[in-house]
Peer 1: 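There's a structure below that I have some questions on.
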Amino acid sequence: MGRARAASKRKTAKKEEEAKSSSSQEENAAKEVQTKAPRPRKRVKASKPENEPEFFQEKRNLEDLWQAAFPVGTEWDQLDTVYQYNWDFSNLENAFEEGGKLHGKKVYLFGCTEPQLVFFKGDGKIVCVPVVVAVVSPFPPSDKIGVNSVQREAEEIIPMKQMKMDWVPYIPLEYRDNQVDRLKSQIFIISCTQRRAALRHLKVERVKKYEYCLPYFYQPMKEDEFEQSTEVDIIFPAEPTPVICEFDWELDELEEFVDDKVKNEEITEDQREAFKDFVKEKVREAKKANREAKEARRKAIEEMSEDTKAAFNEMKFYKFYPVQTPDTPDVSNVKSPFINRYYGKAHEVL
């Protein structure tokens, strides 16, 4: 019995000792937690917001009209410089809107360029300024092209198609998928199908010919200023340098004119008679051309219907320059009503 009691005491003492030990461990663990530096929190990478949808400015209905009209007479290697600026022709686009000068009318358009000294961001530079000419007419103003230059002895009036040009309908963006609406176009442009990549296969003379092209127009209802002209262009093949000048058969006296050329050493004394004969021949050719032009105009008017006469009388030419923007040169000081030697001056410059 004494043994049993002793064993019981030992068990109780052992349990108390274990309890004390457990309590001590818990206290130490609690102290360690309190004194231990707190662990830094892990950074959670913020999720990127989903990409917002990109919005592209909607294209305007006639936005590419000015680019679609072929710039007749522009040198091929200058074409890229024409489009180096984001030119704004919203004035041309607005002219077709209700209340605009071209609204509801049949219009024929062609492009051209004018090398001008203009200012851009404070600097002056020569720039090929694009211009668009609009002809309001019920029929094409002409199916011909004039080819002329100082270097050429005589101008040529040839069919547009010889230079791969023609009047084609311009289709506004919203109608390009609709074949029916394509046939109802009231806007026509001069288009050129000559590919730039194929130019290297052409003769130099043929390539240069494009640079001398001018849209041709003949107004039978009005006497041409060139019909009234008394001047002739002289390109006399002298050596070592050709003599290039003008002779007016009403204002200039031929003997004095030739004397001046000899005195100024433009021709030699030995060339005097040949030069005089050359000028006389050019005057005869010019007078004959003037007579033929007047007769052709008279005959054309006689054969013309009253509707066609009215159409020629009511034709209007509008010349559009780019609108001023911060991204383009200022062309406000270089605007001119002159179109070319055939069309003369525009009725209005915009």
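Values reported hereafter were calculated over all heavy atoms of this structure, with side chains retained and with hydrogens, waters and symmetry mates removed. By convention here, the first residue in the shown sequence is residue 1.
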Peer 1: Per the ring-ring contact (aromatic ring centres under 6.0 Å, His included) rule, which among Tyr108, Trp167, Phe110, Phe139 passes with Phe188?
Peer 2: Tyr108
Peer 1: Applying a strict under-4.5 Å side-chain criterion to I, L, V, M, F, W and Y, I'd like to know whether Phe236 and Phe257 cluster together.
Peer 2: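 Yes: a chain of side-chain contacts under 4.5 Å links Phe236 to Phe257.
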Peer 1: Do Val147 and Lys209 come close enough that some side-chain heavy atom pair is under 4.5 Å?
Peer 2: yes
Peer 1: Does the distance from a Lys or Arg side-chain N to an Asp or Glu carboxylate O, for Glu302 and Lys299, drop under 4.0 Å?
Peer 2: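 Salt bridge flag = no for Lys299 with Glu302.
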Peer 1: Is there a side-chain contact between Leu92 and Leu65, using heavy atoms and a 4.5 Å cut-off?
Peer 2: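 Leu92 reaches Leu65 side chain to side chain.
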Peer 1: To check you understand the geometry: which heavy-atom pair defines the closest contact between Met163 and Cys192, and what is its length?
Peer 2: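 So the two residues come closest at O-SG, 3.9 Å.
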Peer 1: Are the charged groups of Lys319 and Glu348 less than 4.0 angstrom apart, N to O?
Peer 2: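 No, this pair does not count.
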Peer 1: Are Val331 and Phe119 joined in one hydrophobic group, where the rule is that I, L, V, M, F, W and Y side chains link up if heavy atoms are under 4.5 Å apart?
Peer 2: no
Peer 1: How long is the straight-line distance from OG1 of Thr325 back to CG of Asp330, given to the nearest 0.5 Å?
Peer 2: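 Answer rounded to 0.5 Å: 10.0 Å.
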Peer 1: Is there a path of hydrophobic side-chain contacts, each under 4.5 Å between heavy atoms, that joins Ile189 and Phe217?
Peer 2: no
Peer 1: Quick one: does Glu97's side chain have a donor or acceptor within less than 3.5 Å of a partner on Asn94's backbone?
Peer 2: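 Absent.
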Peer 1: Can you tell me if Asn264 uses its side chain to pair, donor with acceptor, with the backbone of Glu266 under 3.5 Å?
Peer 2: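 It does not hold such a pair.
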Peer 1: First locate atom OH of Tyr210, then atom CD1 of Ile145, and finally report the distance between them rounded to the nearest 0.5 Å.
Peer 2: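 With rounding to 0.5 Å, OH (Tyr210) is 10.0 Å from CD1 (Ile145).
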Peer 1: Roughly how far, to the nearest 0.5 Å, is CD1 of Ile235 from CD of Glu246?
Peer 2: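 These two atoms lie 10.5 Å from each other.
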Peer 1: With a 3.5 Å distance limit and no angle check, can you tell me whether Asp248 reaches the backbone of Glu250 through a side-chain donor-acceptor pair?
Peer 2: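 Checked: pair present.
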Peer 1: To check you understand the geometry: which heavy-atom pair defines the closest contact between Gly146 and Tyr216, and what is its length?
Peer 2: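 Here Gly146 and Tyr216 meet closest at N-CB, 3.8 Å.
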Peer 1: If you take all heavy atoms of Gln324 and Pro329, which pair is closest and at what distance?
Peer 2: OE1-O, 3.3 Å
Peer 1: Please determine, by modelled atom types, if Asp88 and Ser90 share a side-chain donor-acceptor pair under 3.5 angstrom.
Peer 2: yes
Peer 1: Rounded to the nearest 0.5 Å, what separation is found between the CE atom of Met304 and the CZ atom of Arg297?
Peer 2: 10.5 Å
Peer 1: So Phe247 and Asp233, side chain to side chain contact (heavy atoms under 4.5 Å, CB included) or not? Walk me through it.
Peer 2: CA-CA 7 Å; Phe247 178 78; Asp233 293 323; over 6 Å; no
Peer 1: What are the two closest heavy atoms between Pro322 and Val129, and how far apart are they?
Peer 2: CD-CG1, 4.1 Å
Peer 1: Taking the ring centre of each residue, are Phe320 and Phe89 less than 6.0 Å apart?
Peer 2: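 No, they do not, as the ring centres are separated by 6.0 Å or more.
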Peer 1: Does any non-hydrogen side-chain atom of Val135 lie less than 4.5 Å from one of Val107?
Peer 2: no
Peer 1: Is the shortest side-chain heavy-atom distance between Ser191 and Met165 below 4.5 Å?
Peer 2: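 The answer is no; the side chains never approach within 4.5 Å.
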Peer 1: Supply the atom-to-atom distance Glu231 CD to Leu251 CG, rounded to the nearest 0.5 angstrom.
Peer 2: 7.5 Å
Peer 1: Less than 4.5 Å apart, any side-chain heavy atom of Lys164 and any of Phe70?
Peer 2: no
Peer 1: Does the salt bridge (Lys or Arg N to Asp or Glu O under 4.0 Å) test come out yes or no for Arg272 and Glu269, once each step is laid out?
Peer 2: CA-CA 5 Å; Arg272 175 189 286 273; Glu269 185 63 44; 2.8 Å; yes
Peer 1: For the backbone of Phe312 and the side chain of Gln219, can you confirm whether one donor and one acceptor N or O come within less than 3.5 Å of each other?
Peer 2: yes
Peer 1: Run Glu292 and Glu295 through side chain to side chain contact (heavy atoms under 4.5 Å, CB included) and show every step you take.
Peer 2: CA-CA 5 Å; Glu292 290 175 350; Glu295 178 59 25; 5.7 Å; no
Peer 1: Can you tell me how far apart CD (Glu75) and CD (Glu211) are? Round to the nearest 0.5 Å.
Peer 2: 4.0 Å
Peer 1: Determine whether Val136 and Trp66 fall in the same hydrophobic cluster, where Ile, Leu, Val, Met, Phe, Trp and Tyr are linked whenever their side-chain heavy atoms lie under 4.5 Å apart.
Peer 2: yes
Peer 1: Mind checking whether Val72 and Cys112 have side chains closer than 4.5 Å, heavy atoms only?
Peer 2: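 The answer is no; the side chains never approach within 4.5 Å.
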Peer 1: Could you give me the CA-CA distance, side-chain angles and deciding distance for Lys101 and Leu350, then say whether side chain to side chain contact (heavy atoms under 4.5 Å, CB included) is met?
Peer 2: CA-CA 10 Å; Lys101 296 186 180 296; Leu350 299 132; 4.2 Å; yes
Peer 1: Take Ile234 and Val279 through the side chain to side chain contact (heavy atoms under 4.5 Å, CB included) test and state the conclusion after the steps.
Peer 2: CA-CA 7 Å; Ile234 305 296; Val279 173; 4.2 Å; yes
Peer 1: Can a donor-acceptor pair be found, under 3.5 Å and without considering hydrogens, that links the side chain of Glu253 to the backbone of Glu256?
Peer 2: yes
Peer 1: Would you say that Tyr343 contacts Leu214 through its side chain, given a criterion of any heavy-atom pair below 4.5 Å between the two side chains?
Peer 2: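 Not touching, per the 4.5 Å side-chain cut-off.
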Peer 1: Using every non-hydrogen atom in the two residues, find where Met315 and Ser137 come nearest and quote the distance to one decimal.
Peer 2: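 Scanning both residues completely, I find the closest heavy atoms to be CE-OG, 3.2 Å.
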Peer 1: Do Asn340 side-chain atoms and Pro215 backbone N/O form a donor-acceptor pair below 3.5 Å?
Peer 2: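 Indeed, once roles are kept as given, a pair shorter than 3.5 Å links the two residues.
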Peer 1: Any chain of hydrophobic side-chain contacts (each under 4.5 Å) joining Val132 to Met160?
Peer 2: no
Peer 1: Going by atom types only, do Glu114 and Tyr321 share a side-chain donor-acceptor pair under 3.5 Å?
Peer 2: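 Short answer, yes.
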Peer 1: Do Tyr170 and Asp64 pair up side chain to side chain, a donor and an acceptor below 3.5 Å, judged on atom types alone?
Peer 2: yes
Peer 1: What are the two closest non-hydrogen atoms of Pro130 and Thr113, and how far apart are they?
Peer 2: CA-CG2, 4.2 Å
Peer 1: Taking Trp87 for its side chain and Val82 for its backbone only, find out whether a donor-acceptor pair lies under 3.5 Å.
Peer 2: yes
Peer 1: Is a side-chain donor-acceptor pair under 3.5 Å present for Thr268 with Asp270?
Peer 2: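 Judged by distance alone, the side chains do not pair up.
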Peer 1: Can you tell if the side chain of Ser336 reaches within under 4.5 Å of the side chain of Val334, non-hydrogen atoms only?
Peer 2: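 Contact flag for Ser336/Val334 side chains = no.
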Peer 1: Salt bridge or not between Glu306 and Lys309? Use side-chain N to carboxylate O under 4.0 Å.
Peer 2: yes
Peer 1: State yes or no: are the ring centers of His347 and Phe317 separated by less than 6.0 Å?
Peer 2: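 Yes, the ring centres sit under 6.0 Å apart.
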